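Numbered from 1 within each chain, the chains take letters A, B, ... in sequence-line order. These numbers come from a predicted model, not from an experiment.
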There are 2 protein chains.
Amino acid sequence: MKIGELSARTGVSIRSLRYYEQQGLLTPARHGNGYREYSPLTEEQVRTIQLYLALGLSTEQIAGFLQCVLKNKEAFCQEVLPIYRQKLAEIDDQIHLLQNIKLNLEDRIRSILDERQIDDKEE
Amino acid sequence: MKIGELSARTGVSIRSLRYYEQQGLLTPARHGNGYREYSPLTEEQVRTIQLYLALGLSTEQIAGFLQCVLKNKEAFCQEVLPIYRQKLAEIDDQIHLLQNIKLNLEDRIRSILDERQIDDKEE
DNA sequence: ATAAACCCTGACATTAATGTGAGGGTCAAG
DNA sequence: CTTGACCCTCACATTAATGTCAGGGTTTAT
């Protein structure tokens, strides 16, 4: 299957498919004319990549264990767990940061509304 | 006060102070030799800018109400509330996204540990 | 008058995945 | 043999605040 078909089947842009290749995530064969030829298995592979990207992992991290998880259960791949844990820690940090900002914003919004209430009464 | 002193007093890098000026947040006077001259009030102004940046607002958004809030109470500045509310909505979205990813990661980590438990017993 | 410590502008780098366009081959159907 | 629909590579743009040079003036103290 050529790149256009793979793109249509997966919903991933041609640009992105080429980028994944450049990052070492896909290694399609080449026709004599230079066209990429993807095996049917690649479709599932691309969906797997998208899944990991959606978890916030970088292409570099994914490259580190993709070959393993495509052939085995995730639990078999030693690299996965530490990456998951690291990502989880990052996510937790981000959530806490955002929640602090959220509380701050809510306070400020409340203050503004309170002040306006007072000002309204004064006039 | 010159830029080095302002930077030292506020902890904000010289580079950033120049950037704030470029974004219209600061407008120091100039000496004949081209050196920027900041009024003592600027120190507080810079702290205010940092405060808003820490809330996740962009310099462009800050520029939209900074002059007002420096002269009045925040509640007086009409531009502030909608920006706060918009930012709050964005933050909420991000938090929800991150929480979904977090749950997903936790599931996956649990699955891996469970599977390994089983595999350990089998051998 | 020289050295150290300032200041200036301009410009490129950073991050990461993706969009977009130029310039140019290839192939299939008419 | 031409047209349209593919494909290729290369490369610049995107975001936003900040870091970091380079190349060059100024000031202050010695």
Side-chain angles (χ1 to χ4, degrees), chain A residues 1-38 42 45-64 66 83 86-87 90-91 93-94 97-98 101, chain B residues 1-38 42 45-64 66 83 86-87 90-91 93-94 97-98 101:
Chain A
M1 135 178 57
K2 294 205 287 292
I3 198 168
E5 187 181 348
L6 181 60
S7 171
R9 281 178 185 276
T10 58
V12 174
S13 75
I14 290 178
R15 177 67 175 89
S16 292
L17 292 174
R18 295 201 184 113
Y19 177 69
Y20 298 160
E21 178 177 352
Q22 189 188 320
Q23 299 307 112
L25 300 179
L26 299 176
T27 49
R30 293 289 184 135
H31 287 279
N33 57 17
Y35 287 16
R36 292 168 176 82
E37 176 64 28
Y38 295 95
T42 312
Q45 196 160 344
V46 170
R47 295 189 202 287
T48 303
I49 292 169
Q50 291 280 293
L51 183 152
Y52 289 122
L53 284 175
L55 286 177
L57 303 188
S58 68
T59 55
E60 191 183 354
Q61 288 176 315
I62 298 170
L66 184 63
I83 290 181
Q86 183 197 328
K87 193 71 204 174
E90 290 173 18
I91 301 262
D93 285 350
Q94 286 184 55
L97 180 64
L98 289 175
I101 296 177
Chain B
M1 133 179 55
K2 295 205 287 291
I3 198 168
E5 187 181 348
L6 181 61
S7 171
R9 281 178 185 276
T10 59
V12 173
S13 74
I14 290 178
R15 176 67 176 89
S16 293
L17 293 173
R18 295 201 185 113
Y19 177 69
Y20 299 160
E21 177 177 353
Q22 189 188 319
Q23 298 307 111
L25 299 179
L26 299 177
T27 49
R30 295 289 185 134
H31 287 280
N33 57 15
Y35 286 16
R36 292 168 177 81
E37 176 65 28
Y38 296 95
T42 312
Q45 195 161 344
V46 170
R47 295 190 203 285
T48 303
I49 292 170
Q50 291 279 294
L51 182 153
Y52 288 122
L53 284 176
L55 286 176
L57 303 187
S58 67
T59 54
E60 191 184 353
Q61 288 175 315
I62 298 169
L66 183 63
I83 289 180
Q86 183 198 327
K87 193 71 204 174
E90 289 172 19
I91 300 263
D93 286 350
Q94 287 184 57
L97 180 64
L98 290 175
I101 295 177

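- Atom-to-atom, CD of B/E37 to C1' of C/dC6 comes out at 14 Å; the value is rounded to the nearest Å.
- A/S7 places no side-chain N or O within 3.5 Å of a backbone atom of A/I3 that could act as its donor or acceptor partner.
- Helical stems in DNA chain D, defined as runs of 3 or more consecutive Watson-Crick or G-U wobble pairs with donor-acceptor distances under 3.5 Å: C:1-30 with D:1-30.
- Protein atom CG of B/L17 is 14 Å distant from nucleotide atom C1' of D/dG19, rounded to whole Å.
- Between B/E21 atom CD and C/dG10 atom C1' there is a gap of 15 Å when expressed in whole angstrom units.
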Residue pair A/K87, A/E90: steps toward the salt bridge (Lys or Arg N to Asp or Glu O under 4.0 Å) verdict:
CA-CA 5 Å; A/K87 193 71 204 174; A/E90 290 173 18; 3.2 Å; yes

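- When all heavy atoms of A/Y35 and A/N33 are compared, the pair lying nearest together is N-OD1, 2.9 Å.
- Phosphate contact (OP1/OP2 of D/dC7, side-chain N/O of A/R36, threshold under 4.0 Å): absent.
- Side chain of A/S58 to backbone of A/Q61: a donor-acceptor contact under 3.5 angstrom is found.
- Between the C1' atom of D/dT27 and the CD1 atom of B/I3 lies a distance of 17 Å, rounded to the nearest Å.
- The shortest non-hydrogen separation linking B/V12 to B/Q50 is CG2-CD, 3.5 Å.
- We find that CD of A/Q22 is positioned 11 Å from C1' of D/dA11, with the value rounded to whole Å.
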Heavy atoms under 4.0 Å is the rule here; annotate nucleotides 17-30 of chain C 5' to 3' with B where the base is hit, S where only the sugar-phosphate is, and - elsewhere.
BBBB----BBS---

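- The backbone N or O of B/S16 lies less than 3.5 Å from a partner atom in the side chain of B/S13, making a donor-acceptor pair.
- A donor-acceptor pair is defined here as one N or O able to donate and one able to accept, closer than 3.5 Å; such a pair exists between the side chain of B/T10 and the backbone of B/L6.
- Distance alone, capped at 3.5 Å, places no donor-acceptor pair between the B/E37 side chain and the B/H31 backbone.
- If you take CD of B/E5 and C1' of C/dC7, they are 14 Å apart, rounded to a whole angstrom.
- What separates NZ of A/K2 from C1' of D/dC8 is a distance of 13 Å, to the nearest Å.
- Looking at A/R15 and A/E21, no side-chain N of the basic residue comes within less than 4.0 Å of a carboxylate O on the acidic one, giving no salt bridge.
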